Amino acid sequence: MTPETADTIRHAADVVQWINLAVVQLLLGVSLEFGRRWPKARPYLAAPVSVGVHSVAFYIVVLFWRLPGPAVSLWSALLRLHVYLVIL
C-alpha cells in the first residue's frame, strides 16, 4: 500500500469516527429525553444510555488523544461486546 493510500484511509476513518460520535450523541440525547418525558420507560433506556456513554467516551478519547493501536483495538472490541450483550 502506498503512503498516499494509507493517508487517505486514515483520513476516511477519522471522518467516519466523527460521524459516529455525532450519531451516538444523538442516540444518547434522544434516550435521555425519552427518559425525562416518560419515567416508566427508564428501565428500557438503560441499555441505549449505557452504550451511548461508552461510545461517546471511546470516540472522544480516540479522536482527541493518540492511543497505541493495541489499546484502540481492545477498547473497540469491548465496545462491540457491550453492544452485543445489549442486543442479547
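Everything numeric here is computed off the predicted structure, so don't read it as measured data.
For the pair P39 and P43, the tightest heavy-atom approach, listed with the atom from each and the gap, is O-CD, 4.2 Å. Heavy-atom minimum distance, V49 versus S31: CG2-CB, 3.7 Å. V72 approaches F58 most closely through the heavy-atom pair O-CE1, 4.1 Å. Between H82 and S50, the shortest heavy-atom contact is NE2-OG, 3.0 Å. Considering every non-hydrogen atom in both S55 and L79, the closest pair reads OG-CD1, 3.4 Å.
Considering CG of L85 and CG of L78, their distance stands at 10.5 Å, rounded to 0.5 Å. Here CZ of R37 is found 13.0 Å from CZ of R42. Values are rounded to the nearest 0.5 Å. With rounding to the nearest 0.5 angstrom, the CG atom of L74 is 10.5 Å from the CG atom of L81. In this structure, the separation between NZ on K40 and CG on L45 is 14.5 Å, given to the nearest 0.5 Å.
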Please test W65 against I60 for side-chain contact (heavy atoms from CB on, under 4.5 Å), starting from the C-alpha separation and ending with a verdict.
CA-CA 8 Å; W65 293 281; I60 286 174; 4.0 Å; yes
What verdict does the side-chain contact (heavy atoms from CB on, under 4.5 Å) test give for H54 and V83, after you've listed the backbone C-alpha separation in whole Å, the side-chain angles of each residue and the deciding distance to 0.1 Å?
CA-CA 10 Å; H54 189 172; V83 171; over 6 Å; no
Step by step, work out the side-chain contact (heavy atoms from CB on, under 4.5 Å) result for W75 and L67.
CA-CA 10 Å; W75 198 351; L67 293 178; 4.2 Å; yes
Could you please spell out the steps behind the side-chain contact (heavy atoms from CB on, under 4.5 Å) verdict for H11 and D7?
CA-CA 6 Å; H11 178 69; D7 287 342; over 6 Å; no
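Between L28 and V24 there is no side-chain heavy-atom pair separated by less than 4.5 Å.
Between T5 and T2, the side chains place a donor N or O and an acceptor N or O closer than 3.5 Å (distance only, hydrogens not considered).
By the rule that hydrophobic residues join a cluster once side-chain heavy atoms approach within less than 4.5 Å of another member, V61 and Y59 end up as members of one cluster. V53 and L27 fall within a single hydrophobic cluster, where Ile, Leu, Val, Met, Phe, Trp and Tyr are joined by side-chain heavy atoms under 4.5 Å apart, directly or via other members. Under a hydrophobic clustering in which Ile, Leu, Val, Met, Phe, Trp and Tyr are joined whenever their side-chain heavy atoms come within less than 4.5 Å, directly or via other members, V56 and V62 fall into the same cluster. Residues I19 and I9 do not share a hydrophobic cluster, defined by chaining ILVMFWY side chains whose heavy atoms lie under 4.5 Å apart.
The aromatic ring centres of F64 and W18 sit less than 6.0 Å apart.
In this structure, the side chain of S73 does not engage the main chain of G69 through any donor-acceptor pair within 3.5 Å.
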